Amino acid sequence: MNLSEIKELYGNYVLNTYFKQDLCLVKGRGAKVEDSEGKKYLDFFPGWAVSGIGHCHPLVVKRVKEQLSKIMHVSNNFYSELQPLLAKKIIEYSFPGRVFFANSGAEANEGAIKLARKYGSASGRYEIITMEKSFHGRTMAAISATGQDKVKHGFEPLLEGFKHVPFNDINAVLQAVTPKTVAVMVEPIQGEGGINVPDKEYMKALSAICKEKDLLLILDEVQTCMGRTGEMFAYRLFDVEPAAITLAKSLGGGMPIGALVVAERFKDVLVPGNHASTFGGSPIVCSAALAVFEAIENEGLLENTRSMGEYLREKLEKIKKKTGLISKVKGHGLMVGVELNMEDGGPLAVKCLGGGLLINCTQKNILRIMPPMNVGKKDIDKAMKILQKAMESTQ
Ligand SMILES: *Cc1c(COP(=O)(O)O)cnc(C)c1O
């Protein structure tokens, strides 16, 4: 099929809920993808950060294929082998506790919200403080939690009990706490909100306030997890003690999996019958996620993410000097935001696409660049040339 045939099928049969680029991707390997017309691209925003270790990582493909021929789905009313092994792996990289498996980021956050509500139910507390410009997903609870009006409009009445405060402002949190508050939910680095990195003092103070006031500190790591920032989980960049973290996106290396990781102290809040998912933690997605951990370990991808992240940001600083179109380069590891000196960066991202580079533009003027964790200097050089050229032709 060519692109116009594919677009016609979409038009006739798929609900139109996405803004789309004029591009149909049919193949991917590492940082490279190919479209339906045979054109190749460097993918520096692979699957919205889902293919964090690159498209079709050979180890993920191998492990999933092996598992496919054994058993694809096991009901959570039976034991299965890979789910506890994956939970063990996640716990080893985070903190003592327990893991609940879901299928997406929004679902992982739903679980965290239910955990907080259940914990607060004994003392009549249910309010959750979240941040302006946050993004927590598209279910009703997740859009209620999200601090951006654009995701809520038309869906009111929303779920009660969410209060939004400015990000990185500890006094705003203190003022928002009431006798009904039970939790604070925050992304360790805001993704969709524009790659906003909070101050270390802020995160430390937030953690201390939560401890003092018996609030659950819930960290939404759906985008930052699995090494994206150079740490397996981004909360480790800060001096914090989360009650729970939520994971999804790159956890499955391309397979749909989400997880709620609950600290030891809260492990008995949810009990049998309280929460469930039919597909959650199936053998297939667990085999993929275990392979992602294995690849990160065997290939030194945390180290590579740190060094390539630095290299990428240096390159961007040079482009900043040369073009004058960049006001700020921000982020951690390979989670990089480029704040532009222009109102709308959308056309620039489209120009990059034309030049063979896929990146994202969020909050109107922030380019989001998140190459796979195994990216090398050669591909970064190539990508930065395409970006610089696109910028120069914009001036
Ligand atoms: C993408 C994202 C979500 C939602 O994940 P889905 O899998 O689309 O439900 C939630 N939180 C953050 C921080 C995200 O980046």
Side-chain angles (χ1 to χ4, degrees), residues 15 17-20 45-52 100-116 128-148 150-152 155 159 162 164 167-168 183-198 203 217-229 231 233-235 237-238 242 244-261 277 279-282 285 288-289 292 331-337 359-363 366 368-370:
L15 204 62
T17 67
Y18 296 96
F19 300 107
K20 276 199 193 306
F45 195 60
W48 220 262
V50 162
S51 301
F100 174 86
F101 289 104
N103 312 289
S104 67
E107 272 184 60
N109 287 335
E110 286 273 344
I113 291 164
K114 282 180 74 178
L115 173 81
I128 300 177
I129 296 171
T130 70
M131 305 302 147
E132 288 171 10
K133 285 200 175 172
S134 62
F135 182 78
H136 299 297
R138 296 290 194 153
T139 61
M140 283 305 297
I143 63 171
S144 304
T146 293
Q148 301 189 65
K150 63 178 186 188
V151 306
K152 306 174 192 253
F155 301 106
L159 192 67
F162 290 95
H164 309 302
F167 186 54
N168 207 27
V184 177
M185 184 163 162
V186 57
E187 295 155 84
I189 295 176
Q190 287 190 331
E192 158 76 26
I195 315 291
N196 304 319
V197 184
M203 291 299 279
L217 177 60
I218 300 167
L219 298 182
D220 179 345
E221 292 237 24
V222 169
Q223 190 162 148
T224 53
C225 70
M226 300 311 284
R228 177 49 52 190
T229 65
E231 294 285 341
F233 301 119
Y235 82 87
L237 295 167
F238 306 100
I245 59 176
T246 55
L247 321 173
K249 292 213 163 84
S250 63
L251 174 59
M255 294 298 264
I257 177 171
L260 164 66
V261 189
S277 166
F279 288 116
S282 88
V285 295
V292 172
H332 250 287
L334 284 171
M335 183 170 187
V336 176
I359 53 172
N360 172 257
C361 180
T362 187
Q363 302 292 320
I366 316 273
R368 207 167 8 163
I369 307 180
M370 297 171 66

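None of the values given here were measured: they were computed from a predicted structure. Counting starts at 1 for both ligands and their atoms, following the listed order.
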Tabulate below the donor-acceptor pairs under 3.5 Å that side-chain atoms of residues 187-197 make, not counting sequence neighbours, or state none.
residue: E187; atom: OE1; partner: G191; partner atom: N; Å: 3.2
residue: E187; atom: OE2; partner: F135; partner atom: N; Å: 2.9
residue: Q190; atom: OE1; partner: N196; partner atom: ND2; Å: 2.9
residue: Q190; atom: NE2; partner: E132; partner atom: O; Å: 3.0
residue: E192; atom: OE2; partner: K150; partner atom: NZ; Å: 3.1
residue: N196; atom: OD1; partner: K330; partner atom: NZ; Å: 3.1
residue: N196; atom: ND2; partner: G193; partner atom: O; Å: 3.0

Would H164 and T130 count as having a side-chain donor-acceptor pair, cut-off 3.5 Å? yes

Give the ring-plane orientation class for F233 versus Y235, where under 30° counts as parallel, over 60° as perpendicular and anything between as tilted. parallel

Under 3.5 Å, sequence neighbours excluded: what are the donor-acceptor pairs made by side chains of residues 244-258?
residue: T246; atom: OG1; partner: N109; partner atom: OD1; Å: 2.7

Give a yes-or-no answer on whether the side chains of R368 and Q223 include a donor-acceptor pair shorter than 3.5 Å. yes

List the protein residues in contact with ligand 1, where contact means a heavy-atom separation under 4.0 angstrom. S104, G105, A106, N109, F135, H136, G137, E187, D220, V222, Q223, K249

Not counting sequence neighbours, which residues clear ring-ring contact (aromatic ring centres under 6.0 Å, His included) with F279? List them please. H73

